[in-house]
Amino acid sequence: MKTRSLTAALAAVLAASVASAASAEPVFNRIASFAVADNLPEGADKAKPTSSEIIAASEDGNTLVYSDSPNKAIGFIDITDARAPKAGGTVAFEGEPTSVTFAAGKALVAVNTRESYVKPSGILAQVDVASKTVDATCDLGGQPDSIALNKDKTLAAIAIENERDEEVNDGAIPQMPAGDLVLLSLKDGVVDCGSIKHVALTGLAEIAGEDPEPEFVSFNGLDEVAVTLQENNHIVIVDGKTGAVKTHFSAGTVSLEGVDTKKDGALKFTGKVEDVAREPDAVKWLDDNRLVVANEGDWKGGARGFTIFDKQGKVLYENGPAFEREIAKIGHYPDKRNKKGVEPEGLEAAKFGEDNLFFVLAERASIVGVYKDTGAEPELLQLLPSGIAPEGAVAIPARNLLVTANEADLVEDGGARSHVMIYERAEGEAAYPQIVSTEKDGELIGFGALSGLAPVKDKPGMLYAVNDSFYASQPTIFTIDATGKPAKIVDALRITRNGAAAQKLDSEGLTPDGEGGFWLANEGDADKLYAHAIIHVNAKGEIDKEIAIPAELRAGEKRFGFEGITSVGEGDDTVLWMAVQREWGDDEKGFVKLVSYKPSDKEWGAVRYPLDKTESGWVGLSEITANGDHAYIIERDNLIGQAAKLKKLYRVALADLKPAKLGGELPVVKKEEVRDLIPDLKATNGYVVDKVEGFTIDAAGNGFVVTDNDGVDDSSGETLFFGIGPLNAM
């Protein structure tokens, strides 16, 4: 009996585990990132900006082709092994490729060859993928934008935008000549230039109807072409075989509530906008009757979401601010680009297994929203981190892959390169986001630019964080619950001075004072009138004490100052330790100060900390936190992506922190490496971010790390927040 009972119990457990595994929902996770600069021809200047704007996949799903407008080329990537993409070479043109697709082993490339805005021109080039040669070209009679093929690849549609000059009349239209739609036939993947048909789109839109500017095209299963006229705020449905206009309608307007409308260094999702033109960019058919458009709102608008129409123009679903608010919850909201919000721009749609999915690309937030098409209100499944300014995407359902092309390349500013990013759909847990915000008093807590961490006393998994001067009008101390995945921001304490949001703060670190308040490390910047200082706030967030640095420190003052603060001891024996980020004027090269301050007797002191050396960039400190017998310190370079070499956690014995008086000879401390953080920063398979800025150890002895996303300003917006386990095990 006992044996049978045990066997039955084990069988039940096994059955339950199998059922659980079978019912696990598949998720997308990024599996690889490919820097477009790695595909530049031999001898090319690797520091030259690149781009990956529109992307397509070969029929077998093993080759990608993307348009690189700055280099007047298309690039190929071999993804036979999707986790290890390889450079596949480039093909150059006499103009700028604007869109690409595949047919029968050939890449079809729309190329802008215009002489000027008033003399637009373009070609369709057919490129043999194997030989990387141009087989044929067709004169398109204007400047092309998007290209699409029907399902059996016998028809091509090309939007001839003949775009406006934004420097003329503030970019207002009409600006002639008008754009139109080109249709042409293909046979066995070969384009027939003689079949080109121009479809006039004039006289349809209410806005500048004489000057249509087609932006994006998409075929449904009936060979009908949906065409967006973005500046005209209009959508046209064309018979792809005959060229007849079947229906057309205004994209209309939308009113939004619960949005941030001011570029003011604060995240306040309490505003509203009225009757904003949708200004659709990308369009995709969800079936033969329904289409979804990305409402970029790039010209006059700020529509911020997406809309599902039927082909008669009836609104079946309006997303409004919902997509943007979900983006704000994961720290990707772009306050500096706030007038227009996250700017949904690109779209892709495909069936994965039994699920009809579509993907919305937010250009300004660098996020891809994964939605399930339910036939009614779509279901948001995931938000995927992308490179900077995702423009194009291609789904490869046969391989369970999604690929994004990210337009921006910030090499000239020392930032991230343009990347193509690859995601795989499989059972498992979503790797991103790693930290999200919740609501407080019914209002969404926005966050970004997290610059320091500290533990909540006696509460394992509970932490504090602070933002830096990016949010100059909303300095905040956040409470993080890191006991689950993702971690959650559950509270926000606003820092005030005289009853208003404190100004001139650049809080780069914080430490609890043991009485409900906090000490903050304030980094100075003389050009902005920010002072290097230690700030004390009470439990209500009110600044009640500001301690300026002494004359001995000011004598060598530079911009890169206090980047972390921690507390050692209790009561009158409390000593605050601050890490200075880089060498000041009185420092020997390769050494920075750890500065001490004892509040009870107002005594300052310091020791010297030796920095690692790197071949390029600068090296400095980003955080200091005391725990047990050591002070833990983040040391990093300021480099990003493949150039990043140093992102490490070190520790110094507290017994060696014996400060000497400022102005004299300072002792040098010994450091011990605890962890190389670069493998952790690569764990989500993006590029290595530069700003590892926060570290702390919670009440249970577990270490946590956070990166600063620069408030999504010239950044992808990714905030990496992760635990590194118990420190006593290292």
Side-chain angles (χ1 to χ4, degrees), residues 34 36 38-41 50-80 82 85-113 122-140 143-160 182-193 195-196 216-219 346 348 391-396 398-399 401 403-405 407 418 420 422:
F34 179 84
V36 175
D38 288 344
N39 203 20
L40 288 172
T50 62
S51 184
S52 53
E53 189 171 359
I54 302 300
I55 195 159
S58 59
E59 287 88 341
D60 63 6
N62 289 329
T63 302
L64 300 173
V65 60
Y66 59 87
S67 60
D68 182 351
S69 176
N71 287 285
K72 296 184 177 182
I74 58 171
F76 295 91
I77 306 174
D78 179 354
I79 59 166
T80 304
K86 298 178 181 178
T90 62
V91 175
F93 297 91
E94 292 299 317
E96 298 180 4
T98 58
S99 189
V100 292
T101 190
F102 264 105
K106 310 284 186 180
L108 303 183
V109 189
V111 183
N112 174 15
T113 60
I123 61 170
L124 175 65
Q126 180 175 283
V127 178
D128 181 74
V129 176
S131 64
K132 304 293 189 298
T133 57
V134 177
D135 288 344
T137 61
C138 303
D139 184 354
L140 295 176
Q143 174 252 314
D145 197 331
S146 166
I147 182 173
L149 301 178
N150 66 347
K151 63 181 179 181
D152 58 8
K153 300 194 175 184
T154 58
L155 292 172
I158 304 171
I160 304 299
V182 161
L183 299 172
L184 75 158
S185 301
L186 294 87
K187 184 176 182 181
D188 298 326
V190 178
V191 297
D192 178 4
C193 296
S195 69
I196 283 182
F216 217 93
V217 289
S218 179
F219 275 97
E348 175 63 315
E391 180 86 6
V394 61
I396 312 174
R399 298 187 64 192
L401 299 178
V403 181
T404 65
E407 182 180 16
S418 172
V420 169
I422 304 172

**Request:** Check the pair Val100 / Ile147 against side chain to side chain contact (heavy atoms under 4.5 Å, CB included), numbers first and verdict last.
**Result:** CA-CA 7 Å; Val100 292; Ile147 182 173; 5.8 Å; no

**Gln126 side chain vs Ala107 backbone, donor-acceptor pair below 3.5 Å** = no

**Side-chain donor or acceptor of Ser58 paired with backbone N/O of Thr63 under 3.5 Å** = yes

**Prompt:** Do Ile396 and Leu64 have side chains that get closer than 4.5 Å, going by heavy atoms?
**Reply:** yes

**Asked** For Cys138 and Leu184, which heavy atoms make the closest approach, and how far apart are they?
**Response** SG-CD1, 4.4 Å

**Request:** Could you walk me through whether Asn71 and Thr50 pass the side chain to side chain contact (heavy atoms under 4.5 Å, CB included) test, one step at a time?
**Result:** CA-CA 6 Å; Asn71 287 285; Thr50 62; 3.7 Å; yes

**Asked** Do Leu124 and Val109 have side chains that get closer than 4.5 Å, going by heavy atoms?
**Response** no

**Prompt:** Do Asn39 side-chain atoms and Phe76 backbone N/O form a donor-acceptor pair below 3.5 Å?
**Reply:** yes

**Message:** Donor-acceptor check, side chain of Asn150 to backbone of Leu155, threshold 3.5 angstrom: yes or no?
**Reply:** yes

**Asked** With a 4.5 Å limit on heavy-atom distance, are the side chains of Leu108 and Leu149 in contact?
**Response** yes

**Message:** Is the shortest side-chain heavy-atom distance between Phe102 and Glu59 below 4.5 Å?
**Reply:** yes

**Asked** Between Ile79 and Ile422, is any pair of side-chain heavy atoms under 4.5 Å apart?
**Response** yes

**Fill in**
Closest heavy-atom pair, Val134 versus Thr137, reported as atoms and distance to 0.1 Å, is CG1-CG2, 3.8 Å

**Request:** Check whether more than 12 heavy atoms from other residues, nucleotides or ligands sit under 6.0 Å from atom CG of Asp152, and answer yes or no.
**Result:** yes

**Item:** Nearest heavy-atom neighbours spanning Val420 and Val36
**Value:** CG2-CG2, 4.3 Å

**Message:** Treating Glu407 as the side-chain partner and Ser51 as the backbone partner, does any N or O pair qualify as donor plus acceptor under 3.5 Å?
**Reply:** no

**Message:** Side chains of Asn62 and Arg399, heavy atoms from C-beta outward: is any pair under 4.5 Å?
**Reply:** yes

**Item:** Contact summary for Val217 and Ala148, nearest pair of heavy atoms
**Value:** O-CB, 3.7 Å

**Fill in**
Closest heavy-atom pair, Glu391 versus Ile54, reported as atoms and distance to 0.1 Å, is CG-CD1, 4.0 Å

**Message:** With side chain to side chain contact (heavy atoms under 4.5 Å, CB included) as the criterion, how do Gln143 and Ile160 come out once you've worked through the C-alpha distance, each side chain's angles and the decisive distance to 0.1 Å?
**Reply:** CA-CA 5 Å; Gln143 174 252 314; Ile160 304 299; 5.5 Å; no

**Request:** Can you run down the side chain to side chain donor-acceptor pair (under 3.5 Å) pairs that involve residues 97-106, sequence neighbours left out, and say none if there aren't any?
**Result:** Lys106-Asp128, Lys106-Asp135

N/O donor-acceptor pairs under 3.5 Å from side chains in residues 85-97, not counting sequence neighbours:
residue, atom, partner, partner atom, Å
Glu96, OE1, Ser69, OG, 3.0

**Prompt:** Which value, rounded to the nearest 0.5 Å, describes the distance between Tyr66 atom OH and Ser52 atom OG?
**Reply:** 7.0 Å

**Request:** Report yes if the side chains of Val127 and Ile74 come closer than 4.5 Å at any heavy-atom pair, otherwise no.
**Result:** yes

**Asked** Under 3.5 Å, is there a donor-acceptor pair between the side chain of Ser185 and the main chain of Asp192?
**Response** no

**Item:** Min side-chain heavy-atom separation Leu140-Ile158 under 4.5 Å
**Value:** yes

**Complete:** Taking every heavy atom of Ala104 against every heavy atom of Asp188, the minimum-distance pair comes out as CB-O, 3.6 Å

**Prompt:** Taking the six-membered ring of Phe219, is NZ or CZ of Lys151 closer than 6.0 Å to its centre and within 45° of its axis?
**Reply:** no

**Request:** Please round to the nearest 0.5 Å and tell me the distance separating atom OG of Ser67 and atom CD1 of Ile55.
**Result:** 8.5 Å

**Item:** With Thr80 via side chain to side chain donor-acceptor pair (under 3.5 Å) - residues at least two apart
**Value:** Asp78

